[in-house]
Amino acid sequence: MPDHRYNHQAVEEKWLQFWDKERLFCDTDLALTPEEQKDKEYLLYAFAYPSGSGLHVGHVEPKTALDIQARFKRMTGKKVFFPVGWDAFGLPAENYAIKTGIHPRETTKTAIDTFRRQIKRLGISYDWSKEIATNHPEYYKWTQWIFAQLYRKGLAYQSEGKVNWCPSCQTVLANEQVIDGLCERCDSQVIQKNLKQWYFKITAYQDELIAGLQNVDWPAPTKSQQINWIGRSEGAQVDFAIKIAALPADKWPKLSIFTTRLDTIFGATFMVISPEKFEQQQLFAYLSSDKVTQVQAYITKAYQKTEETRKIGEKDKTGVDTGLLVVNPFNQEEIPLFVADYVLGGYGTGAIMAVPAHDERDLAFAQKFGLLVKEVVIDGRLVNSAEFDGLISSVAIEKMLASHPKVARRSVNYKLRDWLISRQRYWGAPIPIVYDPTGQAHLVKAEHLPWLLPNDVDFKPTGESPLRSSVEFKARVEKLYGKGWTPEYDTMDTFVDSSWYYLRYVSARDTKQFADQNTLKTWLPVDFYLIGEEHIVLHLLYSRFFTKFLRDEGYLDLPSGEPFAKMRHQGMILGPDGKKMSKSKGNVINPDEIIQEYGADTLRIYEMFMGPLEADKPWNPRAVAGVSRFLRKVYRLVNREIARHQNSSLSLLSDRQQLVQKLHSTIYKLTLDLPELKYNTAIAALMEFANLWEKMDADDVLLLKTEEIVAFIKLLAPLAPFIAEELYDQAKVLGFSAQKSVHLESWPAYDQALLQKEFTNLVVQVNGKLRAQFAWPTKNLTDQAAILNQAKNLEAMQKWLADKTIHKEIYVFGKIVNFVAS
RNA sequence: GCCGCGAUGGCGGAAUAGGUAGACGCGCGAGACUUAAAAUCUCGUACUAGCAAUAGUGUGUGGGUUCGAUUCCCUCUCGCGGCACCA
């Protein structure tokens with residue numbers, strides 16, 4: 001059984017109630033004076049989906065890490081804003097509803113209640129007065145309002161196109177939800193379907209989404225993911241002509257290609273067009289009859305493959321010769337035109353010039369079809385390229401563009417596509433659109449927002465949007481807009497909800513606007529965003545897009561348009577076996593059980609002590625017990641010291657300098673480590689202090705002054721808020737000017753003079769190898785001659801220098817002496 | 001294939017404007033307290049040789065720069081993550 005002297009269960013529950021009653025971290029006043037604004041600190045943890053299974057130890061780490069920041073920053077006088085909310089719409093709740101018939105609203109509410117209780121139990125100091133949930137009409141009213149703003153600017157539009165469709169989930173999927181051609185959620189084969197869908201025109205911001213990254217403090221891999229996803233690539237478009245014998249040359253149809261390697265154009269030995277583009281450009285008319293059949297057959301077959309399976313068939317190139325010839329405008333060579341699905345319809349112009357000598361894919365295709373390979377760049381310089389021979393590639397490209405302005409022009413391409421936001425699902429925000437009897441789309445009027453999600457729906461997937469089954473929804477539209485009017489039945493992608501939540505936090509209860517402009521100006525950007533590194537590429541792109549859009553509309557005074565100034569990623573907590581925790585592996589650790597056995601303080605400190613925040617770390621059940629030992633030791637030490645202070649016959653130990661120094665160096669260490677999130681080393685420093693304290697602890701003497709005891713308790717407060725509050729409360733009998741809570745205290749200061757010891761240990765090396773050490777008065781560390789002399793004459797050094805000549809003497813201030821000798 | 005990250009005792013990890021490698025914790029060993037256990041405390045613990053003092057070796061591999069390299073540069077090996085027919 002654990003030590004009964006510290007009853008973590010009772011103590012933690014007591015302070016939990018106290019903080020709640022006192023509303024200690026709630027009702028943050030967001031109106032700051034210009035002076036206060038310099039100290040604002042907006043701390044944000046990733047928007048969480050309230051899953052039915054409750055809190056996981058993996059959630060505890062980042063929440064605790066930010067909570068420590070919040071508490072530490074408050075103690076150092078910062079104006080901290082630390083809100084919480086729920087990304088509450090989404091598929092899991094709906095799928096659960098399909099299975100059980102329980103309405104998603106109920107399961108979501110239950111899940112949020114559980115999460116809230118668990119998070120409070122951990123002692124996370126969120127401002128619960130600003131809590132939001134995306135499924136509340138007060139929230140999604142403004143999600144819909146943002147849709148309306150985008151629609152008015154032409155940045156929300158409807159378009160018919162091929163989309164990924166999961167036949168089992170009965171909904172559209174985003175590209176990243178398709179893994180190897182299968183649905184991420186249910187592993188069904190994903191098919192391509194032509195549907196009219198709503199899109200947000202994020203591509204309007206593509207260049208700014210790249211440029212803005214220069215001004216944010218984010219991990220480099222996260223930035224490069226953003227850049228790769230946008231996929232900007234500079235190159236040229238070149239017009240080739242299709243040779244039609246029956247027409248004069250100036251009437252030949254043009255076919256444009258996109259290339260980043262214009263310098264290799266003399267090596268183009270064939271051209272390839274994608275099946276989609278071939279159809280779109282209506283090139284069948286130019287084919288001979290037998291070719292029509294062949295090409296048609298190929299295109300039909302290609303369409304049966306999905307976008308994803310096309311990618312898998314990477315190595316095995318397929319295609320068909322059209323029998324047509326195209327003319328290379330640089331050398332007038334006539335080269336064959338192929339249709340092949342290794343060229344994508346949606347990128348560039350959907351057609352390429354194939355240069356097998358300098359492109360792997362073209363080479364593979366050329367080898368399969370027995371086509372010419374012609375080298376045009378050797379050792380970085382052009383050959384076989386007429387007047388461009390001998391130029392380096394970059395120069396050649398410029399000259400080629402300049403000399404052929406009619407057929408070649410600069411061109412920039414992007415991989416980024418517009419954001420498909422329609423979902424044929426129930427549990428999301430309805431798209432605020434109604435259709436008149438002619439099928440024309442109209443925005444739902446502002447006074448009808450929030451455009452409520454109907455209740456009378458059948459969740460069972462039918463291939464159509466569940467909202468179609470609502471009688472109320474249809475009736476509502478006819479009542480408000482007229483007979484024959486119909487609603488949009490699709491809901492919005494939940495990414496829409498989570499792309500602006502950090503703006504809503506500052507005006508969580510505002511019923512007049514999505515957020516107050518002045519408050520936004522005060523608090524944005526978020527100073528520190530902590531979020532896992534998985535699945536954030538789109539969340540970040542979308543959030544940045546929304547922020548920039550709202551800035552451009554004048555709702556947000558944030559010139560950079562970058563919502564997250566600094567971002568870091570927490571690592572994963574792995575199972576004791578070093579593998580990712582999962583129910584099937586049976587290696588899941590339940591935080592409730594750890595709290596039950598050891599308390600929330602132990603759980604917090606343990607997770608922070610495991611290693612660097614960003615690293616993946618395996619759980620070690622025994623090490624948890626070690627942290628628990630440390631906290632009980634601290635409790636004992638402080639208790640004993642307080643008790644001795646109440647015995648007036650005792651006095652301070654005269655020789656306690658070492659402990660006082662250690663206290664100040666510990667304050668110093670934490671003051672440096674905490675803002676840098678180096679919690680593992682901060683905790684190690686606290687342990688060192690406790691170890692020394694324990695070693696010096698004696699029954700008949702006082703070791704620390706009252707203010708020193710309190711200073712130590714304050715150091716503990718951000719990390720272990722419960723035990724710190726308890727010890728602070730107990731220390732009140734010592735009669736210092738106490739606050740209501742240790743968490744309202746100010747951070748302790750360290751005495752610079754006490755950081756330096758009287759003597760410094762200097763190391764003596766010979767040829768870089770440690771041979772001796774000696775203590776030297778710290779105040780004389782500048783006396784190089786004396787130090788070198790002392791080092792040379794150390795007894796331990798004699799055998800190392802005896803029959804040697806010293807060639808060089810090195811002294812590194814306060815650290816080391818090295819003799820180079822032979 | 002491309003891009004990025006990483007490799008330190010039995011384990012998690014400390015220490016990098018280049019300067020005592022292994023802080024702190026776990027584990028392990030010995031001891032104190034106890035009738036006993038639990039709890040708690042003390043000492044030890046990179047490896048090799050030695051009773052010891054001490055000496056040698058040591059931060060994935062091989063090399064380089066340097067008086068001195070876990071730290072900087074190059075090579076390779078292994079592991080992890082992301083992207084991937086984007087012309």
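Proteins come first, then strands; the chains are lettered A, B, ... in the order of their sequence lines, and each starts at number 1.
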Select from A/N818 and A/N620 the residue whose nearest nucleotide in RNA chain B is closer to the 5' end of that strand.
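It is A/N620 whose nearest nucleotide is closer to the 5' end.
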
Of A/N761 and A/K669, whose closest RNA chain B nucleotide lies nearer the 5' terminus?
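On the 5' side of the pair lies A/K669.
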
Have a look at [X] and say if it touches a base, only the backbone sugar-phosphate, or nothing, with a 4.0 Å heavy-atom cut-off.
X: A/W693; result: nothing
X: A/D616; result: sugar-phosphate
X: A/E694; result: sugar-phosphate
X: A/Q773; result: base
X: A/R232; result: nothing
X: A/N680; result: sugar-phosphate
X: A/K415; result: base
X: A/G231; result: nothing

For the pair made of [atom1] in [X] and [atom2] in [N], what is the distance, rounded to whole Å?
X: A/E676; N: B/rA15; atom1: CD; atom2: P; answer: 10 Å
X: A/I816; N: B/rC67; atom1: CD1; atom2: C1'; answer: 10 Å
X: A/L538; N: B/rG82; atom1: CG; atom2: P; answer: 14 Å
X: A/Y6; N: B/rA39; atom1: OH; atom2: C1'; answer: 18 Å
X: A/I227; N: B/rG82; atom1: CD1; atom2: C1'; answer: 14 Å

Partner nucleotide, any strand, of [N] [Watson-Crick/G-U, under 3.5 Å]:
N: B/rU54; result: B/rA49
N: B/rG9; result: none
N: B/rC41; result: B/rG31

Think [X] has a side-chain N or O under 4.0 angstrom from the OP1 or OP2 of [N]?
X: A/Y347; N: B/rA87; answer: yes
X: A/R632; N: B/rC41; answer: no
X: A/S224; N: B/rG82; answer: no
X: A/K799; N: B/rA55; answer: yes
X: A/K695; N: B/rC43; answer: yes
X: A/R622; N: B/rG25; answer: no
X: A/R636; N: B/rC41; answer: yes
X: A/N691; N: B/rC41; answer: no
X: A/R629; N: B/rC26; answer: yes

Using atom [atom1] in both nucleotides, what's the gap between [N] and [M] to the nearest angstrom?
N: B/rU71; M: B/rC33; atom1: C1'; answer: 47 Å
N: B/rU16; M: B/rA69; atom1: C1'; answer: 10 Å
N: B/rC76; M: B/rA55; atom1: P; answer: 39 Å
N: B/rU70; M: B/rA15; atom1: C1'; answer: 9 Å
N: B/rU57; M: B/rA21; atom1: P; answer: 13 Å
N: B/rG18; M: B/rA23; atom1: P; answer: 24 Å
N: B/rA17; M: B/rC2; atom1: C1'; answer: 33 Å
N: B/rC26; M: B/rU65; atom1: P; answer: 44 Å

Run the salt-bridge test on [X] and [Y] with the 4.0 Å N-O cut-off and return the result as yes or no.
X: A/R232; Y: A/E234; answer: yes
X: A/E694; Y: A/K633; answer: yes
X: A/R409; Y: A/D239; answer: yes
X: A/E688; Y: A/K669; answer: no

Given [options], which nucleotide is nearest the side-chain atoms of [X]?
X: A/V343; options: B/rC24, B/rA87, B/rA14; result: B/rA87
X: A/P221; options: B/rC67, B/rG4, B/rG12; result: B/rG4
X: A/M687; options: B/rG12, B/rC67, B/rG25; result: B/rG25

Going by side chain to side chain contact (heavy atoms under 4.5 Å, CB included), A/M608 matches just one of A/L603, A/I68, A/L677. Which one?
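Testing A/M608 for a side chain to side chain contact (heavy atoms under 4.5 Å, CB included) against A/L603, A/I68, A/L677 leaves exactly one candidate, A/I68.
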
Hey, does A/R632 have a side-chain heavy atom less than 4.5 Å from the side chain of A/R629?
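A/R629 vs A/R632: side chains touch.
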
Residue from A/F712, A/F630, A/Y668 passing ring pair (Phe, Tyr, Trp, His ring centres under 6.0 Å) with A/F689
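Result for ring pair (Phe, Tyr, Trp, His ring centres under 6.0 Å) with A/F689: A/F712.
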
Syn or anti conformation of B/rG27, syn meaning chi within 90° of 0
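Anti conformation here, the glycosidic angle of B/rG27 being more than 90° from 0.
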
Donor-acceptor contact below 3.5 Å, side chain A/R544 vs main chain A/L209
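Pair found, side chain donor or acceptor close to backbone of A/L209.
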
